[in-house]
Amino acid sequence: MLREDQIERYSRQIILPNVGGKGQEKLLNAKVLVIGAGGLGSPASLYLAAAGIGKLGIVDSDAVELNNLQRQILHSTKEVGRPKVESARDRLSAINTDIEVIPIKKRLTSENILDVIKDYDIILDGSDNFPTRYLVNDACVLSNKTLSHGGIFRFDGQAITIIPGKSPCYRCLFPEPPPPGAVPGCQEAGILGAVAGVIGVIQANEVLKLILGIGEPLAGRLLIFNALDSSFRIVKVPKNKDCPICGESPTIKKLIDYEEFCQLRKKGGRGR
Amino acid sequence: MGIKVRIPTPLQKLTKDKEVVECEANDVKGLVEDLEKRYPGIKTRLCDDGGKLRKFINIYVNDEDIRFLKMDQTPLKDGDEVSIIPAIAGG
Ligand SMILES: [Zn+2]
């Protein structure tokens with residue numbers, strides 16, 4: 001049963017058709033893990049916290065840097081130098097005192113990821129590198145956890161929702177990460193903060209829909225955003241029967257730690 | 001009329017910052033060759049040394065992934081729209 005202050009706090013979504021008090025209770029009972037308290041994880045976790053996700057975990061191993069603040073709207077200037085997960089917990093708890101925010105200051109690896117995700121129903125990947133993205137996909141497929149994937153690069157964004165056993169996974173879409181040097185390194189990249197906002201909020205919206213059981217998730221469909229012409233497109237993503245992790249005869253049976261190939265990142269220790 | 005090809009941001013340096021280019025080809029294999037003729041260097045970004053499409057880049061013909069059509073033998077006709085879509089990992 002919802003308390004009076006909860007009915008007041010969430011009234012604008014409770015009055016929505018298909019949400020109601022029942023829907024709000026689903027949100028309050030949900031457990032969502034946001035991977036990365038960065039450009040995508042910031043807007044995503046802000047909306048998830050505000051909507052009343054009862055248990056919200058945030059994984060990140062880094063500290064806030066001044067150059068993060070242009071897009072990582074969870075953090076503020078006075079937080080530079082603090083662990084991102086602590087800054088995130090303070091900000092999210094300030095927005096919503098009604099939820100439990102769990103800071104997890106860890107770098108995800110093949111050793112720890114299954115243990116980290118096991119307490120959650122839905123995983124939102126807002127990490128910033130290929131090794132983590134493939135690790136998260138594989139771990140979610142192996143442990144049967146729904147995953148909202150989002151990625152950004154300069155003025156482009158992509159999002160897809162993965163429901164293991166039902167919809168194609170990230171490797172069905174892109175079987176392997178690029179090898180070192182195949183894509184421009186992170187030092188050449190760059191991102192407009194609002195692009196991260198667009199994709200991060202789409203991911204949060206996917207998670208809310210999944211918990212509420214409303215609408216159609218981006219399962220089997222890749223959403224492609226281009227900020228310069230303000231276009232959204234969707235391409236079909238079929239399940240790949242030869243997928244190395246979720247196909248008919250998977251070749252990946254245990255988790256892989258791909259090597260990080262961005263020298264800058266290694267030095268700066270940014271990332272998961 | 002030809003075939004419209006959408007070039008992803010990471011490859012636009014090769015196409016002089018053009019996001020959409022026009023090509024002539026009968027199939028995807030021919031399209032890659034035609035792209036290479038117009039924008040030298042693009043083929044090695046799309047294909048490995050054996051000429052196979054890289055596993056972190058997809059080519060869509062009218063929003064269908066060629067891996068689920070006829071791969072690089074997928075036929076093309078004037079008016080088709082081809083998109084090249086790479087995996088992106090930023091966050
Ligand atoms: Zn798969």
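Computation of the quantities below employed the complete heavy-atom set of this structure, encompassing side-chain atoms and omitting hydrogens, waters and symmetry-equivalent molecules. Protein chains get the first letters and strands the later ones, always in sequence-line order, with residue 1 at the start of each.
For the atom pair CD (Glu19(B)) and CG (Leu228(A)), the distance works out to 7.0 Å, reported to the nearest 0.5 Å. Asp156(A) contributes atom CG, which lies 7.5 Å from atom CD of Gln12(B) (distance to the nearest 0.5 angstrom).
Considering every non-hydrogen atom in both Leu173(A) and Asn58(B), the closest pair reads O-ND2, 2.7 Å. Scanning all heavy atoms of the two residues, the minimum distance from Pro179(A) to Phe56(B) falls at CD-CE2, 3.4 Å. Closest of all the heavy-atom pairs between Gln158(A) and Ile85(B) is NE2-CG2, 3.4 Å. When all heavy atoms are compared, the tightest approach of Pro10(B) to Phe153(A) is CG-CE2, 3.6 Å. Smallest separation of non-hydrogen atoms from Ile88(B) and Tyr170(A): O-OH, 3.9 Å.
Remark: the backbone N or O of Gly91(B) is not paired with any side-chain donor or acceptor of Arg71(A) at under 3.5 angstrom.
Residues of residues 60-75 of chain B lying under 4.5 angstrom from chain A, judged on non-hydrogen atoms, are Tyr60(B), Asp63(B), Glu64(B), Arg67(B), Phe68(B) by number.
No part of Asp125(A) comes within reach of chain B, as not one of its non-hydrogen atoms sits under 4.5 angstrom from that chain. At a 4.5 Å heavy-atom cutoff, Ile199(A) makes no contact with chain B through either its backbone or its side chain. Looking at Lys241(A), there are no atoms closer than 4.5 Å to chain B (heavy atoms on both sides), in backbone or side chain. Proximity to chain B involves both the backbone and the side chain of Ile152(A), based on heavy atoms less than 4.5 angstrom apart.
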Can you give me every donor-acceptor pair (side chain of residues 23-30 of chain B, partner residue at least two apart or in another chain, under 3.5 Å) with its distance?
residue: Asp27(B); atom: OD1; partner: Lys29(B); partner atom: N; Å: 3.4
residue: Asp27(B); atom: OD1; partner: Gly30(B); partner atom: N; Å: 2.8

